[in-house]
Amino acid sequence: MKKNIIIKDDFTQEDTWRIFRIMSELVDGFETLSKVGKAVSIFGSSRFNPDNKYYKMAEETAYLMAKAGYAVITGSGPS
């Protein structure tokens, strides 16, 4: 008798409803962001310290964007 071996991370053997859960999270995100209005997202790196010139430039850019009326979206946390 042949045994069925399920390989971890084999998408063909995972819960078939997973795609609907992922889709619902995407829809929730779009609904939330649709209420934000004008916004900009700033992507950075956790490799820079707050005293780094590029870090400071990003802070200044975010400040100016917020002052101009944009919502600033960022991870804003340590890695």
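Along the sequence shown, residues carry numbers from 1.
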Cluster link Phe48 to Met57, ILVMFWY, side chain under 4.5 Å: yes
Atom pair CZ/NZ of Phe30 and Lys35 - distance to nearest 0.5 Å: 14.0 Å
Transitively linked via ILVMFWY side-chain contacts under 4.5 Å: Tyr55 with Ile42? no
Measure from the side-chain N and O atoms of Asn52 to the backbone N and O of Tyr54, and report whether any donor-acceptor pair falls under 3.5 Å. yes
Output the distance between atom CD (Glu59) and atom OG1 (Thr74), rounded to the nearest 0.5 Å. 10.5 Å
Less than 4.5 Å apart, side chain to side chain, heavy atoms only: is that true for Ile73 and Leu33? yes
Please round to the nearest 0.5 Å and tell me the distance separating atom CE of Met65 and atom CD of Glu60. 12.5 Å
Side chains of Arg18 and Arg21 in contact at under 4.5 Å (non-hydrogen atoms): yes
